[in-house]
Amino acid sequence: VRVIAGTYEKVTGPVKELVIDVEYLDVHLKRGQDLAHKARKGYTSFCYVLSGEGGFGGEKLAPGQLGLFLEAGTIAVQSITDLHYIFVSGKRLNEPVAWGGPIVMNTRQELDLAFRELDEGTFIKK
């Protein structure tokens, strides 16, 4: 397990100074290995499979598939084959979401402005 952000088993990842409490792990399991992730109350977690197959909380996932976990508890992972996936868990913001392709904002008006700025070349502020 490689920690990208957050802390896992007393190891803290290199990505720091994030706005929300998040755990981001890059996980490699050999065939037949198990791992359990803690999903805390008030957090949303997901596992995204990069290669291999595994059982995630009772759901079988293959490359390109994502398992979303909204409830607190334990997410049990069992590798069916050699398995590579990312695990991300973050505290819910409880804010409205306006989503348009690669851009996520809070309102439709903000999203429209972001796309207008993208078209005009002014989206990235320096």
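If you're wondering where the values come from, they're calculated on a predicted model, not measured in any experiment.
Sorted by first then second residue, the salt bridge (charged side-chain N to carboxylate O under 4.0 Å, His left out) pairs that include residues 81-107, not counting sequence neighbours, number zero. Annotation: ring-ring contact (aromatic ring centres under 6.0 Å, His included) contacts involving residues 12-36, sequence neighbours excluded, comprise His28-His84.
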- Task: Begin from the C-alpha positions of Leu35 and Leu29 and carry the test side chain to side chain contact (heavy atoms under 4.5 Å, CB included) through to its verdict.
- Result: CA-CA 8 Å; Leu35 186 65; Leu29 297 178; 4.2 Å; yes
- Task: Take Ile75 and Phe87, measure what side chain to side chain contact (heavy atoms under 4.5 Å, CB included) needs, and give me the verdict at the end.
- Result: CA-CA 10 Å; Ile75 302 164; Phe87 171 78; 3.9 Å; yes
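Linking ILVMFWY side-chain heavy atoms closer than 4.5 Å, directly or via other members, places Tyr43 and Leu18 in two distinct hydrophobic clusters. Val1 and Val22 fall into different hydrophobic clusters, where Ile, Leu, Val, Met, Phe, Trp and Tyr are joined by side-chain heavy atoms under 4.5 Å apart, directly or via other members.
Scanning for salt bridge (charged side-chain N to carboxylate O under 4.0 Å, His left out) contacts around Lys60 gives Glu53, with sequence neighbours left out. Applying the ring-ring contact (aromatic ring centres under 6.0 Å, His included) rule to Phe56 yields the partners Tyr85; only residues at least two apart in sequence or on another chain are considered.
We find that Asp112 and Arg108 are joined by a salt bridge, their nearest charged nitrogen and carboxylate oxygen being less than 4.0 Å apart.
For the pair Val88 and Leu25, the minimum side-chain heavy-atom distance is 4.5 Å or more. Counting heavy atoms from C-beta on, the side chains of Asp21 and Arg40 come closer than 4.5 Å. At least one side-chain heavy atom of Val77 sits under 4.5 Å from a side-chain heavy atom of Leu83. In this structure the side chain of Phe115 never reaches within 4.5 angstrom of the side chain of Leu113, judged on heavy atoms. Contact annotation: the side chain of Val27 approaches that of His37 to within less than 4.5 Å [non-hydrogen atoms, C-beta and beyond]. When side chains are defined from C-beta on, Thr44 does not count as touching Ser89, because their heavy atoms never get closer than 4.5 Å.
Atoms CZ and OG1, on Arg116 and Thr122 in that order, are 9.0 Å from each other to the nearest 0.5 Å. Atoms SG and CG, on Cys47 and Leu66 in that order, are 8.0 Å from each other to the nearest 0.5 Å. Atoms CD and CD1, from Glu117 and Ile103 in turn, are 9.0 Å apart once rounded to the nearest 0.5 Å.
The 12-atom threshold is not exceeded at CD of Glu71, counting heavy atoms of other residues, nucleotides or ligands nearer than 6.0 Å. Atom CG of Leu70 has more than 12 heavy atoms from other residues, nucleotides or ligands within 6.0 Å. Atom NZ of Lys41 is surrounded by 12 or fewer heavy atoms from other residues, nucleotides or ligands within 6.0 Å.
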Do any side-chain atoms of residues 3-12 form donor-acceptor pairs under 3.5 angstrom with protein atoms, and if so which ones, sequence neighbours left out?
residue : atom : partner : partner atom : Å
Thr7    : OG1  : Thr12   : OG1          : 3.0

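The two residues Phe69 and Phe46 have their closest heavy-atom pair at CD1-CA, 4.2 Å. Residues Lys30 and Gln33 approach most closely at N-OE1, 2.5 Å, considering heavy atoms. Heavy atoms only, all atoms of each residue included: Ala36 and Thr74 are closest at CB-CG2, 3.6 Å.
Residue Val97 is found in a hydrophobic cluster whose other members, listed by chain and number, are Trp99, Val104; membership requires side-chain heavy atoms under 4.5 Å apart, directly or through intermediates.
With hydrogens and angles disregarded, a donor-acceptor distance shorter than 3.5 Å links the side chain of Ser79 to the backbone of Gly32.
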